[in-house]
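These values consider heavy atoms only, across backbone and side chains, with no hydrogens, waters or symmetry-generated copies.
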Amino acid sequence: MVKDHLMLNVDRLMVPEPIEVTGAPKSSSSRDTAALPITGHSFFAVGDSMVPEEEPLLQITECRICQEEDDIKNLESPCACTGSVKYAHRACVQRWCNEKGDVTCEICHEPYEHGYTAPPRPHPDETTTLILDRRE
């Protein structure tokens with residue numbers, strides 16, 4: 001009976017390193033380097049070849065209000081919050097502003113950006129309830 005075997009030699013594996021740009025041809029004595037301009041793709045050197053770093057096709061994150069996962073392109077960062085509460089759907093933030101009656105984030109205490117609105121607050125005279133005492 002014939003069995004397949006795979007042997008992997010790990011002594012000579014190469015670790016990807018960020019590439020730096022120099023004004024002169026690469027030499028071991030050259031220490032003056034400039035960083036690559038920031039682009040949508042990063043490149044790493046593996047030996048003498050350049051390999052593009054893969055970016056995920058979809059960046060999924062959770063809306064902090066409805067807690068539904070969605071592509072980051074469909075979410076906004078409406079205030080100064082960071083981390084897991086940074087992103088929310090625009091419609092969710094607007095619905096929340098309508099419900100609570102203002103456009104200030106209750107977490108970071110900054111006003112929401114991007115033109116969110118809140119319904120006008122009722123005049124105090126419109127919300128006053130008359131209580132009659134019927135004791136006689």
Set of side chain to side chain contact (heavy atoms under 4.5 Å, CB included) partners for [X], sequence neighbours left out:
| X | value |
| --- | --- |
| Glu76 | Arg90, His114, Tyr116 |
| Glu113 | none |
| Ala118 | Val103 |
| Lys100 | Trp96, Asp102, Glu106, Tyr112 |

Compare every heavy atom of [Y] with every heavy atom of [X], then report the nearest pair and how far apart it is.
| X | Y | value |
| --- | --- | --- |
| Cys92 | Cys63 | SG-SG, 3.9 Å |
| Asn74 | His89 | O-CD2, 3.7 Å |
| Gln94 | Thr117 | NE2-O, 2.6 Å |

Do the non-hydrogen side-chain atoms of Asp70 and Glu68 ever get within less than 4.5 Å of each other? no
Practice prompt. Using a 4.5 Å cut-off on heavy atoms from C-beta on, say whether the side chain of Cys105 contacts that of Cys81.
Written response: yes
Quick note, side-chain hydrogen bond (donor to acceptor under 3.5 Å, both in side chains) partners involving residues 77-86, not counting sequence neighbours, are none
Apart from Tyr87 itself, its cluster of hydrophobic side chains linked below 4.5 Å comprises Ile72, Leu75
Rounded to the nearest 0.5 Å, the NZ atom of Lys73 sits from the OG1 atom of Thr61 at a distance of 14.5 Å
